[in-house]
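The next block holds one structure in the form of structure tokens; read it before the comments.
All of these numbers come straight from a predicted model, not from anything done at the bench. First the proteins, then the strands, lettered A, B, ... as listed; each starts at 1.
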There are 2 protein chains.
Amino acid sequence: MKPSPLREQSYLILLALAPEPLYGYGLIAAVRELSDGRVKLGAGTLYGALDRLGADGLVTLDHEEVVDGRFRRYYKLTDQGHRVLTAETERLAELAARARRRLAASRVAPRPAG
Amino acid sequence: MKPSPLREQSYLILLALAPEPLYGYGLIAAVRELSDGRVKLGAGTLYGALDRLGADGLVTLDHEEVVDGRFRRYYKLTDQGHRVLTAETERLAELAARARRRLAASRVAPRPAG
DNA sequence: GCTCTATATGTCGCTCGGCGATATATATGT
DNA sequence: ACATATATATCGCCGAGCGACATATAGAGC
């Protein structure tokens with residue numbers, strides 16, 4: 001109902017799903033790559049997040065298939081999921097820009113009266 | 001000992017402290033402004049985070065003073081805190097840039113074969 | 001004087017998310 | 001037979017976020 005604010009892990013899941021649908025195990029690898037190896041999703045994190053994102057209407061089931069005898073369940077972004085991801089990305093970019101400005105300013109003037 | 005990965009709240013606390021030392025109540029206001037009103041730190045969050053950041057060596061006590069009969073405890077970044085904040089900011093900026101590229105690409109080609 | 005709001009610190013307990021351990025199943029390699 | 005990799009899913013622990021509460025001062029309004 002009330003969409004909880006995105007944690008980094010959930011944001012990365014949405015971002016990973018942006019170009020095309022992915023299945024669970026593939027998502028873990030995609031998120032790891034997107035974050036340069038920093039975020040390694042645990043199984044509990046992944047399926048818990050997927051349930052929540054599904055309940056919030058941001059992610060939905062795409063299709064299921066069997067590859068090499070192994071079952072894969074593919075998920076994709078909903079329209080709302082895409083909108084939320086876009087908005088969150090803009091928010092993130094603005095925060096990063098603001099942070100850089102603030103750091104540059106504090107380097108020159110560590111104190112207000114400096 | 002082992003510095004846990006920064007949540008958004010802790011990151012904003014570090015960022016707020018970058019230009020100059022701040023006291024608890026002022027930090028709550030600063031973080032709210034830095035995040036455009038989106039992140040409103042609860043008291044439990046603030047002092048819990050301050051304890052953790054202190055234990056990790058990122059934040060330390062600056063000084064204490066009484067203003068208008070009210071006690072204020074000021075905190076400031078350590079050198080390590082400044083380094084961590086800078087690194088985290090760069091990571092954030094890179095992620096945001098990567099996310100924008102990924103979104104732009106998926107808008108043109110929703111599917112690999114599109 | 002009493003109450004409410006704002007400022008200021010800090011604690012306590014609840015809830016929820018992250019995550020490793022575990023279970024299940026198939027394919028491959030040694 | 002055993003280990004490794006792929007693949008899904010559940011369980012319970014732990015820790016972070018957070019509201020509620022306690023405490024204290026200052027000022028406004030009645």
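- Rounded to the nearest 0.5 Å, atoms CZ (B:R101) and OG1 (A:T89) are 12.0 Å apart.
- Atom CG in A:L6 sits roughly 15 Å away from atom P in D:dG17 (whole-Å rounding).
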Sort me out a list of protein N/O and nucleotides 27-30 of chain C N/O pairs below 3.5 Å, or just none if empty.
{"unit_1": "C:dA27", "atom_1": "O4'", "unit_2": "A:R70", "atom_2": "NH2", "d": "3.3"}

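- Atom P of nucleotide C:dA6 and atom CZ of B:F71 are separated by 24 Å, given to the nearest angstrom.
- Checked against C:dT9, D:dT8, C:dG18, the side chain of A:Y25 finds its nearest nucleotide in D:dT8.
- Atoms CG (A:L50) and P (C:dC19) sit 15 Å apart, rounded to a whole Å.
- Here the C1' atom of nucleotide C:dG18 and the CG atom of A:L53 are 14 Å apart, to the nearest Å.
- Taking side-chain N and O atoms only, B:R52 has no distance below 4.0 Å to OP1 or OP2 of D:dG15.
- In this entry the distance linking CG of A:L12 with P of C:dG18 reads 11 Å, nearest Å.
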Atom pairs, protein N/O to nucleotides 19-23 of chain D N/O, distance under 3.5 Å:
{"unit_1": "D:dG19", "atom_1": "O6", "unit_2": "B:G44", "atom_2": "N", "d": "3.3"}

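- The separation between B:R32 atom CZ and C:dT7 atom C1' is 12 Å, rounded to whole Å.
- OP1 or OP2 of D:dA7 sits under 4.0 Å from a side-chain N or O of A:Y23.
- B:R72 meets the side-chain hydrogen bond (donor to acceptor under 3.5 Å, both in side chains) test with B:Y23, B:Y74; sequence neighbours excluded.
- Both B:L85 and B:L46 are part of a single hydrophobic cluster, where members link through side-chain heavy atoms under 4.5 Å apart.
- By the criterion of side-chain heavy atoms lying less than 4.5 angstrom apart, applied directly or through intervening Ile, Leu, Val, Met, Phe, Trp or Tyr residues, B:Y75 is not grouped with B:Y25; the two fall into different hydrophobic clusters.
- Rounding to whole angstrom units, CD1 of residue A:I28 and C1' of C:dC19 are separated by 11 Å.
- Shown here, C:dT30 forms a base pair with D:dA1; the pair counts as Watson-Crick or G-U wobble because both key distances fall under 3.5 Å.
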Applying side-chain contact (heavy atoms from CB on, under 4.5 Å), run through B:L27 and B:L17 and close with a yes or a no.
CA-CA 8 Å; B:L27 263 172; B:L17 288 177; 3.9 Å; yes

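- Backbone-only engagement by A:Y75 is indicated by non-hydrogen atom pairs under 4.0 Å involving sugar-phosphate atoms exclusively.
- Linking ILVMFWY residues whenever their side-chain heavy atoms come closer than 4.5 Å, directly or via other members, leaves A:F71 and A:L61 in distinct clusters.
- At C:dT9, one or more side-chain N or O atoms of B:Y47 fall inside 4.0 Å of OP1 or OP2 (strictly under the cut-off).
- Considering every non-hydrogen atom in both B:S35 and A:R98, the closest pair reads N-NH1, 4.4 Å.
- Looking at A:E65 and A:H63, their side chains do bring a donor and an acceptor atom within 3.5 Å of each other.
- One finds the CD1 atom of A:I13 at 11.5 Å from the CD atom of A:E8 (value rounded to the nearest 0.5 Å).
- If you measure from atom CG of A:D51 to atom C1' of D:dT8, you get 12 Å, rounded to the nearest angstrom.
- Of all non-hydrogen atoms in A:K76 and A:D62, the two that sit nearest each other are CD-OD1, 3.1 Å.
- In terms of phosphate contacts, A:R7 brings no side-chain nitrogen or oxygen within less than 4.0 Å of OP1 or OP2 of D:dG15.
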